[in-house]
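Working notes, beginning with the structure itself.
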Amino acid sequence: MATWILGLIIVVAGGAAIIALLRRPAARDTSVDVDRRLVYIQNTALHVIDRGEGRPVVFLQGDDGDASDFMAPLLARVAYDFRALLIDRPGCGGSERVRHDSSLDAQTRLIRLALREVGAEQPLLVAHSWSAIAALALALRYPDDFSGLVLVNPLCYADASIRATDPHLRVVSRIGSLVAPMVGRIAHDAALRAKFAPEPVPFAEALVPLREAAAIRRPSERRRLARNTAALRSAAGLVTRYADIDMPVVIVVGEGDRVASPSRHGYRLHNQVHHSHLVVLPRAGHMVQLTRPDSVMETIHQGWSLAHERAEARH
């Protein structure tokens, strides 16, 4: 019996390894892209995409992939009117982790220094999902450095809802790393459906590498989610200070978002930051930057209008 079980384990493990190798995504094109670069800040490389000209609009990456994966449709629109800068947060996408300090303080310090390095003065800061907590921290710690905030389906409170942000990770963590490669694609697609719901998952080139890598990314994604959760919980002290944010704040929520529950996050933040502006997109989910890029673009223009009004009132 023991021999039979051992043989089964070997077969399963071997099959999982083969499937993982077959599904391993092709390496990204290594040709020089003038829009992409690594900015080295305190021995940490941050991946930055820089397109367009004019007033700077800075995007903070939310979670999966690098900053371009889920921002491509919106980026094209923003770069037409503004200078669009997309930054992968430390430890996400193409950016390195901070080697000795992965706290929210360290992340925001590096992001601020990177913006200075690339010459982005008084930008409008746009953050999606998990990155909202970093954007709010930047606004509180460096209020003179930014013109305003646009928070898209923000996750900004450490409550029970953050444990339900990725059903794929929950499924895979239960079945273990041995079998995960064989079901990674199925579970990943289920997670994508949850992220886009109640809207359908669109056919988008940006989603292809994420699906292809589904079988082999699970351990790293679990660690990444754990780091995101830890950063959110470590910022508990900031929650009581959200009302102190003086700059313009536009909050965009998908009415049907199943990841960042509007009632637990977006609506709650709007009630706490009394001068904020709330935009609710009916029948929309968590990934509105892909499904409703024109609507999000309108809120970016709104953010700049509010920033101009504030600047004129001060003079």
Next on the checklist: With side-chain contact (heavy atoms from CB on, under 4.5 Å) as the criterion, how do L60 and L138 come out once you've worked through the C-alpha distance, each side chain's angles and the decisive distance to 0.1 Å?
Outcome noted: CA-CA 11 Å; L60 294 183; L138 284 164; 4.2 Å; yes

Next on the checklist: Run L115 and I87 through side-chain contact (heavy atoms from CB on, under 4.5 Å) and show every step you take.
Outcome noted: CA-CA 9 Å; L115 292 177; I87 299 179; 3.6 Å; yes

Next on the checklist: Between V58 and F146, is the side-chain contact (heavy atoms from CB on, under 4.5 Å) condition met? List the steps.
Outcome noted: CA-CA 10 Å; V58 173; F146 302 96; over 6 Å; no

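Residues satisfying the ring pair (Phe, Tyr, Trp, His ring centres under 6.0 Å) test with H277, not counting sequence neighbours, are none. With sequence neighbours excluded, the residues satisfying side-chain contact (heavy atoms from CB on, under 4.5 Å) with L140 are L238, R241, Y242, D244, I245. Annotation: ring pair (Phe, Tyr, Trp, His ring centres under 6.0 Å) contacts of H301 (sequence neighbours excluded): F82.
Checked by atom type and distance alone, the side chain of Q289 never pairs as donor or acceptor with a backbone atom of L74 at under 3.5 Å. Remark: side-chain polar atoms of Q272 are paired, donor with acceptor, to backbone N or O of V239 under 3.5 angstrom. Although no hydrogens or angles enter the test, the distance criterion places a donor-acceptor pair under 3.5 Å between the side chain of H265 and the main chain of C156. Within the 3.5 Å criterion, the main-chain N or O of H286 finds a donor-acceptor partner in the side chain of H128. The closest donor-acceptor contact from the side chain of E255 to the backbone of A284 lies at 3.5 Å or more, if one exists at all. Listed for the S276 side chain is no donor-acceptor partner under 3.5 Å among the backbone atoms of V249. Judged purely by atom type and a 3.5 angstrom limit, S95 uses its side chain to pair as donor or acceptor with the backbone of H47. Without hydrogens or angle criteria, S147 side chain to Q122 main chain gives a donor-acceptor distance under 3.5 Å.
Note: the hydrophobic cluster containing L104 also contains Y142 (ILVMFWY, side chain heavy atoms under 4.5 Å, direct or indirect links).
For the residue pair H275 / R310, no side-chain donor-acceptor distance below 3.5 Å is found, with atom types taken as modelled.
Side-chain contact between R193 and R258 is absent, with no heavy-atom pair separated by less than 4.5 Å. The shortest distance between side-chain heavy atoms of V118 and R37 falls below 4.5 Å.
Taken from CG in L136 to CZ in R141, the straight-line distance is 10.5 Å, to the nearest 0.5 Å. Here the NZ-CG distance, from K195 to L290, works out to 11.5 Å after rounding to the nearest 0.5 Å. Note that CD1 of I133 and CZ of R89 are 10.5 Å apart. Values are rounded to the nearest 0.5 Å.
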